[in-house]
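Computed from a predicted structure; not experimentally measured. Residue numbers start from 1 in every chain, and the chains themselves are labelled A, B, ... in the order their sequence lines are given, proteins ahead of strands.
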Number of protein chains: 2
Amino acid sequence: MTRYQHLASLLAERIEQGLYQSGERLPSVRLLSQEHGVSISTVQQAYHLLEEQQMIQPQPRSGYFVAPGKTAPPVPPLTRPVQRPVEITQWDSVLELLSNRHNGEMVQLGSGIPDVTPSTIKPLWREMVRLGHLQDPMLLSYDALNGVSLLREQIARLSVDSGCRLDAADIVVTTGCHEALSVAIRAVCQYGDIVAVESPAFHGTMQTLRGLGIRVIEIPTDSVTGVSLEALELAFEQWPIKAVIVVPNCNNPLGFIMPDTRKKALILLAQRFDIAIIEDDVYGELAFDYPRPVTLKSFDEDGRVLLCSSFSKTLAPGLRVGWVAPGRYFDRVLHTKYISTGSTAVQTQIAVGEFARQGHYRPHLRRVRRQYQHNLGIVTGWVRKYFPESICVSRPQGGFMMWIELPEMFDAVRLNRRLLEENVQIAAGSLFSAAGKYRNCLRLNYASLGQCNEQAIRKLGIAVGREMDA
Amino acid sequence: MTRYQHLASLLAERIEQGLYQSGERLPSVRLLSQEHGVSISTVQQAYHLLEEQQMIQPQPRSGYFVAPGKTAPPVPPLTRPVQRPVEITQWDSVLELLSNRHNGEMVQLGSGIPDVTPSTIKPLWREMVRLGHLQDPMLLSYDALNGVSLLREQIARLSVDSGCRLDAADIVVTTGCHEALSVAIRAVCQYGDIVAVESPAFHGTMQTLRGLGIRVIEIPTDSVTGVSLEALELAFEQWPIKAVIVVPNCNNPLGFIMPDTRKKALILLAQRFDIAIIEDDVYGELAFDYPRPVTLKSFDEDGRVLLCSSFSKTLAPGLRVGWVAPGRYFDRVLHTKYISTGSTAVQTQIAVGEFARQGHYRPHLRRVRRQYQHNLGIVTGWVRKYFPESICVSRPQGGFMMWIELPEMFDAVRLNRRLLEENVQIAAGSLFSAAGKYRNCLRLNYASLGQCNEQAIRKLGIAVGREMDA
């Protein structure tokens, strides 16, 4: 985070906490500059950002004032899913969501697609051209079942940022994080087993569990601190749970980063009940704060964490390059990987591996992190402006997804159906629950302001208002 | 097949049938030219080919003679696997086979890798370069779950050659044929089910069944006409079989093409017992005769055939582009595909799709088919020359795999272990049986004479002889 962003988020926090009230005048630029020991222009940049986010308004010759009635909406409260194992449904809705994701006409507010247009991605294209010219037959053949060693070495190197000490030999490359999660689940669970998940949880994981005939127990989850460890412990006591699947960093869809103390406590809990942890870290590199948050895997002492990730959300999903660090389940993961896809395409593995080896990955991450954080501010402003007041909005600490909770009787599935006629698609909250809860919620993708622009949010806000009045 | 190849195979057949005896003089070039209405040089080319294959020997000024004692070895007899469902083992041996397939030092006689060096593959490289230059963000994003439409249209178009009338909408693109088979099996079977397979059967399919907790019943299979329908019917009567998995065209590992009448009979049998057929056609395009043999799918009336294939054996395995035409199981296959890998990499799909659309695929197929048929003749000659007499050798009708059966007590697993020390790897027959049968057999890959050269076969033949004497 740059200085001005840091200052802006500090001021935003104070406004949200009510230290500066609606309509109140904010400190002068000079005063803030002295107070925080930053330059005048840094303060000005911070104020401009807050203005863009519609949190404050300038008044000529008087300075900046808190925008009337624009204090931040509250965050969603702790979720309260059904407290017993359930079978997963919702495939039709997922299919509908997926079937639109390559529709160029559709404003994709519901997708999980990152922005793949930043200039920092250019070296990847160059690498693809180079490999095409190289005409090396090895690129067309099978490589190692666990993945090209160049790529595994880079993944191991990068994992240091997340507190891990992985060796290239600890990693199995997969065809995207989807396959990573799929093989991880299949390595530790069988048909009929029960798995605990955060609630809400990523619909792809849910569908994988459904396809494997695994029931889930959805655990109450806080939109700021993550899965309730108390509820999880209770579930471990009551049910023969085989594994818990969590997205502790930049959670999808809630956006939280689980505090380290809670991460450690989760590890201890899993140890106590001897339960495997499947950690989905696919958004972890996109945390707004640097250095990035550590993984559960970094606290793992006995190899019970299967760390799953990919370059799909940070670089490009169309590459289908992911990985899993399966700890003690390595052999089973390798077998499951073999029977799932044989091995992963060689050329894309080398392209990504070279991209990282040549040092292009971290600058690209910095670029997209900044962009997503900036977009979040802007889009939050638009949501405040165009949505009704009685909503809760998540405060993502990374990634490019926002979770909006509407009043209890609201029907986001119906809203989505109406919006599709206007070529706007959202992800209805019910996709993220096995039992179809969160029908009153929706997930918004703010990766690109080209898609998630003011007009789209305005359209969405009006449609939400209309739906609430109906 | 060119004219001279056709003539050579005719003469080879006559020698094998004993019409020309060992040491007997063959008709003169002029006589044959008149008899078959071909040019003198065609006959000379045919004789040269047979000479290369060591079936005949020239004698100066006397013409050509049948090589002494070099009539073809018999084909393997009908297999006799265990007649009850068994659980699959052999993973360690498969893993060992796989772990060497990207080892440049190793002579890969055991792999399933085609030759990826022919010049007819060059347009594919050019297409990759073009896509790299294009820098189209769509290439980095998700495309349709069932695959890029350009590619599906080409697959549908090409399927006409195999007697199918498929529409692009009937096809689900997968990450290689491995994923096609995996999702097809998972769409029709559950944990604990029983599936019938040819015996011997591809080890990848076997391991997939193992990983899914499915038992197999191995059906006796003839090395010329394919799976025994009589034994299959008996198995259908005796066991609650969910599906049958077959490779009817250019079978792996036996090389046969099932006659059309038997294909039709298999469909009728499956209809009668209401059993799904999973058809692996991954080698079908590599049949030596043109037009290529038809698929079971082409006789399918009620959508019970799940046709699986890929570009892995015909073009390049490293692309990981396969597909399944799942008939009535489309919805389940699509769901299983989603939970397996999400979607398939976009760029490789478009590269292959364009390669086919621009008309490069069929010339490439003609090129490799010719090469593999030519190699088969040469390598069969070397096997005759360097192997002991008491062996059976398959007569592949396409593809690039040869199956050699040695005397009953022979141990190909031990042979392989010894050969590895000399940097030669074969595929021991026991990989192809759930119950570890065929330990006295081995599979040989003759795709490239760079790998499968005279020295390697000589080394192998000597090692086999040594092992038989031991």
Side-chain angles (χ1 to χ4, degrees), chain A residues 91 94-95 98-99 101-102 111 113 116-117 121-122 124-133 135 137-145 174-179 182 186 190-191 204 207-208 210-213 315-320 334-336 338-348, chain B residues 91 94-95 98-99 101-102 111 113 116-117 121-122 125-133 135 137-145 174-179 182 186 190-191 204 207-208 210-213 312 315-320 334-336 338-348:
Chain A
W91 170 235
V94 172
L95 198 58
L98 299 174
S99 68
R101 70 183 174 187
H102 60 289
S111 83
I113 305 176
V116 292
T117 62
I121 225 165
K122 281 205 190 304
L124 187 69
W125 292 113
R126 281 202 296 274
E127 186 57 25
M128 288 181 190
V129 171
R130 186 186 72 85
L131 292 176
H133 280 305
Q135 304 199 2
M138 289 305 292
L139 296 173
L140 297 182
S141 195
Y142 296 109
D143 201 280
L145 180 55
T174 58
T175 306
C177 192
H178 232 94
E179 192 183 40
S182 179
R186 289 161 72 186
Q190 284 196 330
Y191 183 90
Q207 290 302 320
T208 302
R210 174 179 182 252
L212 298 171
L315 203 54
L319 299 167
R320 311 312 295 134
L334 195 64
H335 186 261
T336 312
Y338 173 64
I339 69 171
S340 165
T341 53
S343 53
T344 295
V346 180
Q347 195 208 10
T348 39
Chain B
W91 170 236
V94 172
L95 197 58
L98 298 175
S99 69
R101 70 182 174 187
H102 60 290
S111 83
I113 304 178
V116 293
T117 61
I121 224 165
K122 280 205 191 305
W125 292 113
R126 282 202 295 274
E127 186 57 25
M128 288 180 189
V129 171
R130 187 186 71 85
L131 292 176
H133 282 304
Q135 304 199 0
M138 289 304 292
L139 296 173
L140 297 182
S141 194
Y142 295 109
D143 202 279
L145 179 55
T174 58
T175 307
C177 192
H178 232 94
E179 191 183 42
S182 178
R186 290 160 71 187
Q190 284 197 329
Y191 183 89
Q207 290 303 320
T208 303
R210 174 180 183 249
L212 298 171
S312 296
L315 203 55
L319 299 167
R320 309 313 295 133
L334 195 64
H335 185 262
T336 312
Y338 173 65
I339 69 172
S340 164
T341 53
S343 53
T344 295
V346 180
Q347 196 208 9
T348 39

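Contacts of B:Tyr191 with chain A are made by side-chain atoms alone, with heavy-atom separations under 4.5 Å and no backbone atom involved.
Top candidate by heavy-atom pairs under 4.5 Å with chain B, chosen from A:Ser99, A:Ser111, A:Ser141, is A:Ser141. In terms of heavy-atom pairs under 4.5 angstrom with chain B, the leader among A:Leu334, A:Leu131, A:Asp143 is A:Asp143. Here A:His178 is the residue among A:His133, A:His178, A:Gln190, A:Arg186 with the most heavy-atom pairs under 4.5 Å with chain B. When each of A:Val346, A:Thr175, A:Leu95 is scored by its heavy-atom pairs under 4.5 Å with chain B, the top score falls to A:Thr175. The most heavy-atom pairs under 4.5 Å with chain A, out of B:Val129, B:Ile121, B:Thr117, B:Thr336, come from B:Val129. Put simply, of A:Met128, A:Arg130, A:Met138, the one with the most heavy-atom pairs under 4.5 Å next to chain B is A:Met128. Of the listed residues B:Ser340, B:Gly204, B:Cys177, B:Pro137, the one with more heavy-atom pairs under 4.5 angstrom with chain A than any other is B:Ser340. Heavy-atom pairs under 4.5 Å with chain B peak, among A:Thr174, A:Leu145, A:Leu140, A:Thr344, at A:Leu140.
Interatomic distance, A:Leu124 CG to B:Leu139 CG, rounded to the nearest 0.5 Å: 10.5 Å.
Within the 4.5 Å cutoff, the side chain of B:Ser312 has heavy atoms near those of the B:Arg320 side chain. Residues B:Pro317 and B:Val116 meet the side-chain proximity criterion, which asks for heavy atoms closer than 4.5 Å.
The side chain to side chain contact (heavy atoms under 4.5 Å, CB included) test applied to A:Val94 returns A:Trp91, A:Leu98, A:His203, A:Gln207, A:Leu431, B:Tyr338, not counting sequence neighbours. Take A:Arg210 and apply the side chain to side chain donor-acceptor pair (under 3.5 Å) test, not counting sequence neighbours, and it matches B:His335.
Of all heavy-atom pairs between A:Gln135 and A:Gly132, the closest is CG-O, 3.4 Å.
A:Thr341 places no side-chain N or O within donor-acceptor distance of the main-chain N or O of B:Glu179, the cut-off being under 3.5 Å.
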